[in-house]
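To start, the structure itself, in structure tokens.
Note that ligands are numbered from 1 as they come in the structure, with each ligand's atoms numbered from 1 the same way.
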Amino acid sequence: MTVQLGTNIYRGNETPILLKDQDRLRHMYMLGKTGVGKSTVFQNMCLQDILNHRGVCFIDPHGESISWILKRIPKSHMENVILFDPSDAENPFGLNLLEASEERERDFLVAQVIEIFYKIFDPEKTGVIGPQFEHWLRSAALTVMAGPEGGSLLEIPKLFIDKRFELKKRQYVKDPMVQDFWQKQMASTSDFHKSEMLNYFTSKFGHFLNNRLMRNIIGQRKSSFSFEKILDGEKVLLVDLSKGKLGDMNAQMLGLILVAKLQAAVLKRSAVPAEKRYPFYLYVDEFQNMVTDAFASMLSESRKYGLGVHLTNQYFAQLPVKMQEAVLGNVGTLMAFEIGAEDAESLSKEFYPLKKQDFVDLPKYNFFIKLLIDGKTSNPFSGVSLPPVAEGSDNVHSIKLLNSLAYGLPAPLVEEEIADFMK
Ligand SMILES: Nc1ncnc2c1ncn2[C@@H]1O[C@H](COP(=O)(O)OP(=O)(O)OP(=O)(O)O)[C@@H](O)[C@H]1O
Ligand SMILES: [Mg+2]
């Protein structure tokens, strides 16, 4: 099966530009200035995927793409849709980063917690988050996860301020390193140093946990949906991360958690026989805030397990160097609309023999592409993107209602539960 990205027009002949399933698993990166039509390309692709019963996840930092897609989902496909709208205060979904069913997954997620904190608070790794914070965070996360009921991010800072709570959670810890952390290291840490670290913890976690919307989402121990089921059931997960009600940092946190959880589920697919690993497609718009460097460098592995990633943003130079290298080194299909002079300089090397000026002069909706075809990269050629698909039947209200009933929990219930396990 294929998805259409746009149309090539050569001497009056129009040819659809198609990307095959297998080639999509080698990922796609799209670049272009504001207003050139990037989000529209993803929206059109995602809609084709939905209509073709493909499994997809679309992470949208603005919310506009999600409402666009929702307005075009026919009744017959409604049941497959999971709409995650974190601004729904009445029926919050649960999203627990620290939920693991096996040891390897647990270790992967704990490493992700640390990556996420670096990404949000210290992306250049200047020492704002140092080895000591990492160590405390790792030990605390493993402690929270040790018990039969598991635990959430919300419980991490509490471990350091409530001895009784610490002992309650610690009783399940089998890992001798973690036991040592509490029994020896913490016991011999001076109160002054402890309170210094604690302030540090509280200030970092406070961003998320003092916001009622966030607390009710990432504080729940059981996530509302399982990424494994989404992957294998070819479901459609639409994530609306518009910052209005959430704030920048909270939206970013949720995006990072979702990508980490998706990645964890993908890695578990090594246990699923290859013929049963249905391709699954992830779209991340303005991806630079939503994925960690580690995610980008794991792209080559994701392919093996059937995850095809589609990324876009406005400026290449804005990405951390490691991310730039990982993206260029790992994506099979590269697409560029009009870009700024600086980006044109670095990208034109990828698009040889095109020149810098070719990218700076591109009219809206026009692009150059190096397309992966049966595992081989084509020479660069030009294309025009598809205009936005017209609106279809309006099932938005029913989709929203079905979703909050199926996946959300009433806020008072969630708050009661959280208060209960924070005792
Ligand atoms: N091929 C097309 N033909 C006609 N209109 C288009 C086409 N592609 C996009 N548009 C329209 O152009 C406008 C900008 O498109 P879009 O939002 O996709 O740009 P963008 O590159 O994502 O911009 P930003 O970086 O600001 O998010 C939208 O109103 C969209 O409907
Ligand atoms: Mg856009």
Side-chain angles (χ1 to χ4, degrees), residues 2-10 12-19 28-50 56-73 238-244 246 248 251-252 254-255 258-259 281-291 309-319 323-324 327 331 333-344 347 351 358-369 371 381-392 394 396:
T2 58
V3 64
Q4 183 173 0
L5 306 183
T7 310
N8 170 257
I9 305 172
Y10 185 68
N13 286 331
E14 295 194 7
T15 318
I17 302 172
L18 303 173
L19 187 52
M28 164 181 177
Y29 174 54
M30 178 169 64
L31 185 66
K33 281 185 165 178
T34 180
V36 292
K38 301 180 299 299
S39 302
T40 305
V41 169
F42 277 4
Q43 288 162 200
N44 281 330
M45 288 173 75
C46 182
L47 188 66
Q48 293 175 56
D49 286 337
I50 294 172
V56 287
C57 170
F58 196 121
I59 299 186
D60 175 11
H62 303 300
E64 287 154 20
S65 294
I66 298 301
S67 55
W68 186 97
I69 294 168
L70 282 177
K71 283 186 207 137
R72 289 160 179 82
I73 294 179
L238 303 176
V239 184
D240 175 353
L241 291 182
S242 39
K243 296 159 193 150
L246 286 170
D248 267 344
Q252 185 184 13
L254 292 176
L258 284 160
V259 172
Y281 302 117
L282 169 67
Y283 295 90
V284 193
D285 202 348
E286 309 285 358
F287 83 102
Q288 72 280 2
N289 294 325
M290 302 295 170
V291 312
V309 178
H310 308 76
L311 304 172
T312 186
N313 76 323
Q314 290 183 0
Y315 303 105
F316 189 67
Q318 174 195 62
L319 304 174
M323 184 99 82
Q324 292 182 357
V327 167
V331 302
T333 296
L334 193 59
M335 187 165 157
F337 288 93
E338 182 196 350
I339 48 184
E342 191 185 352
D343 283 351
L347 261 286
F351 281 90
D358 294 320
F359 294 92
V360 179
D361 292 340
L362 271 173
K364 259 190 193 175
Y365 319 142
N366 282 257
F367 57 83
F368 286 109
I369 186 168
L371 182 70
F381 62 93
S382 66
V384 186
S385 62
L386 300 174
V389 172
E391 275 182 36
D394 189 352
V396 182

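- The heavy atom nearest to atom 15 (O) of ligand 1, considering only T40, V36, L31, D285, is found in T40.
- Using a 4.5 Å heavy-atom threshold, the side chains of V309 and F287 count as separate.
- By the 4.5 Å heavy-atom criterion applied to side chains, I69 and F42 are not counted as neighbours.
- Atoms of ligand 1 found under 4.0 Å from any heavy atom of Q314, numbered from 1 in the order shown, are 24 (P), 25 (O), 26 (O).
- Among protein heavy atoms, the minimum distance from atom 26 (O) of ligand 1 is reached at T34 OG1, 2.5 Å.
- The main-chain N or O of Q288 is never found under 3.5 Å from a side-chain atom of N313 such that the two would form a donor-acceptor pair.
- Atoms of ligand 1 lying under 4.0 Å from any heavy atom of S39, numbered from 1 in the order shown and given with element: 18 (O), 20 (P), 22 (O), 27 (O).
- Remark: ligand 1 and P388 share no N or O pair separated by less than 3.5 Å (distance only, no angle test).
- Distance check for atom 12 (O) of ligand 1: a protein heavy atom is found below 4.0 Å.
- Side-chain atoms of E391 never come within 3.5 Å of backbone atoms of K71 as a donor-acceptor pair (strictly under, hydrogens ignored).
- Atom 19 (O) of ligand 1 has as its closest protein heavy atom G37 N, 3.1 Å.
- Remark: minimum distance from atom 4 (C) of ligand 1 to any protein heavy atom is reached at Y365 CE1, 3.5 Å.
- Counting all heavy atoms, side chain and backbone alike, L386 lies closest to G6 at CG-CA, 4.1 Å.
- Looking only at protein heavy atoms, the nearest one to atom 25 (O) of ligand 1 is K38 NZ, 2.6 Å.
- Between F351 and F368, a ring centre-to-centre spacing not shorter than 6.0 Å is recorded.
- Per-residue contacts place L386 under 4.0 angstrom from the following atoms of ligand 1 (heavy atoms of the residue considered): 1 (N), 2 (C).
- Here's the thing with H62: none of its N/O atoms is less than 3.5 angstrom from an N/O atom of ligand 1.
- Contact between G35 and ligand 1 is present, with at least one heavy atom of the residue lying under 4.0 Å from the ligand.
- The backbone and the side chain of S385 each have at least one atom closer than 4.0 Å to an atom of ligand 1 (non-hydrogen atoms only).
- Proximity of a side-chain donor or acceptor of K38 to a complementary backbone N or O of G32 within less than 3.5 Å is detected.
- At least one N, O or S atom of S39, from either the backbone or the side chain, sits less than 2.8 Å from the Mg ion (ligand 2).
- Taken to the nearest 0.5 Å, the CG atom of L31 stands 8.0 Å off from the CG atom of L334.
- Under the 3.5 Å distance criterion, the side-chain polar atoms of R72 are left unmatched by any main-chain donor or acceptor of L47.
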